[in-house]
Amino acid sequence: VASGEPGTSRCSLYITSNGGLVEAVGRFLEAFQGSRYSRDRRIAFSFSIDDFAEEHDRKRGVPGLFSRALESHHEVRRAATANAMANIGITVTDHNHQNVVALYEHLKSEHGVRAVTATLMREAGVVRRLAPEVKARILSAYVELSRRIAEDMASGRLQGFVGGLQGRLMNAKQQIMQTILQRTYL
């Protein structure tokens, strides 16, 4: 998703990825930062991690994907420029809802992740219909994960998106989205 007017500081690019192509992320960042566009544009990467390593890789059918997603995340963080942000996106589903809070804590404590967003898997057109009690458990896990993310951001244990106005807007959008999802999911 790109937004803003070319040539203004409001221009940004948001890339969601499974993080599997670490070298490509590095090359893209290098080319972006070496270009004339990097001065007035911001780029945010959100790498999807939905379970602990073994389960994540098994569910996605790609051995080593969990590790490569974290490598990609750290590649963006190492860039350490004001115009590049790294995030881990956790989607709460019927397959992982029992693990997402522990996964979140693991990503922070063991892998140094400082920006995390949470979302809910949509049912329509994606998967079979879920039983109401399963949806209630998924929602409960999402609410707890969202609460912890908000708490950690408020206390400074988590940065969220950084970088002036755009970072603050992206963090606020995430909080609004969480509130709406909690109200409408069931």
Side-chain angles (χ1 to χ4, degrees), residues 1-93 95-96 99-100 102-119 121 145 149 152-153 156-174 177:
V1 175
S3 64
E5 297 295 321
T8 71
S9 60
R10 296 183 322 234
C11 206
S12 65
L13 181 64
Y14 188 90
I15 298 173
T16 301
S17 172
N18 69 8
L21 301 174
V22 180
E23 297 81 16
V25 169
R27 286 191 307 271
F28 180 86
L29 271 174
E30 188 176 318
F32 174 76
Q33 291 171 341
S35 75
R36 63 185 173 93
Y37 300 107
S38 67
R39 282 184 296 139
D40 59 358
R41 288 170 175 79
R42 298 193 38 82
I43 187 165
F45 284 88
S46 185
F47 300 104
S48 302
I49 295 182
D50 298 327
D51 215 324
F52 289 94
E54 188 176 313
E55 275 302 295
H56 180 80
D57 294 354
R58 185 186 67 75
K59 287 176 190 165
R60 294 190 177 229
V62 182
L65 185 58
F66 179 92
S67 295
R68 289 199 305 275
L70 283 170
E71 285 180 55
S72 292
H73 173 269
H74 293 313
E75 181 75 21
V76 175
R77 292 235 356 239
R78 272 191 298 277
T81 65
N83 65 343
M85 295 182 279
N87 177 69
I88 295 293
I90 300 173
T91 300
V92 183
T93 72
H95 299 290
N96 71 353
N99 296 333
V100 293
L103 173 65
Y104 168 68
E105 296 298 336
H106 174 77
L107 290 169
K108 286 187 321 178
S109 65
E110 300 299 318
H111 299 286
V113 171
R114 302 284 290 140
V116 178
T117 53
T119 193
M121 175 190 71
L145 177 60
I149 291 170
D152 286 348
M153 285 186 63
R157 288 186 297 260
L158 203 63
Q159 287 177 303
F161 289 102
V162 295
L165 178 61
Q166 181 183 3
R168 288 191 307 273
L169 285 172
M170 290 175 75
N171 290 328
K173 176 198 74 83
Q174 185 65 26
M177 184 180 79

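None of the values given here were measured: they were computed from a predicted structure. Sequence positions, counted from 1, serve as the residue numbers for this chain.
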Quick check for you: to the nearest 0.5 Å, what is the distance between Arg68 atom CZ and Glu23 atom CD? 8.5 Å
Nearest-0.5 Å distance, CD1 of residue Ile49 to CG of residue Leu70: 4.0 Å
Within the distance-only criterion (no hydrogens, no angle test), does the side chain of Asp152 pair as donor or acceptor with the backbone N or O of Arg157 below 3.5 angstrom? no
Side-chain contact test, heavy atoms from C-beta onward, threshold under 4.5 Å: evaluate it for Asn96 versus Leu103 and give yes or no. no
Partners passing side-chain hydrogen bond (donor to acceptor under 3.5 Å, both in side chains) against Arg60 (at least two apart in sequence or in another chain): Asp50
Do Ser72 and Leu21 come close enough that some side-chain heavy atom pair is under 4.5 Å? no
Would you please test Ile43 and Phe28 for side-chain contact (heavy atoms from CB on, under 4.5 Å) and show each step? CA-CA 11 Å; Ile43 187 165; Phe28 180 86; 2.9 Å; yes
Looking only at side-chain N and O atoms, does Asp51 offer a donor or acceptor that is under 3.5 Å from a partner on Asn99? yes
My understanding is that only residues two or more places apart in sequence, or in another chain, count here; which of them pass salt bridge (charged side-chain N to carboxylate O under 4.0 Å, His left out) with Glu30? none
Main-chain N/O of Arg77 paired with Arg114 side-chain donor or acceptor, under 3.5 Å: no
Does a side-chain heavy-atom distance below 4.5 Å link Val76 with Phe47? yes
Answer yes when Lys108 and Glu105 have at least one side-chain N-carboxylate O distance shorter than 4.0 Å, and no when they do not. yes
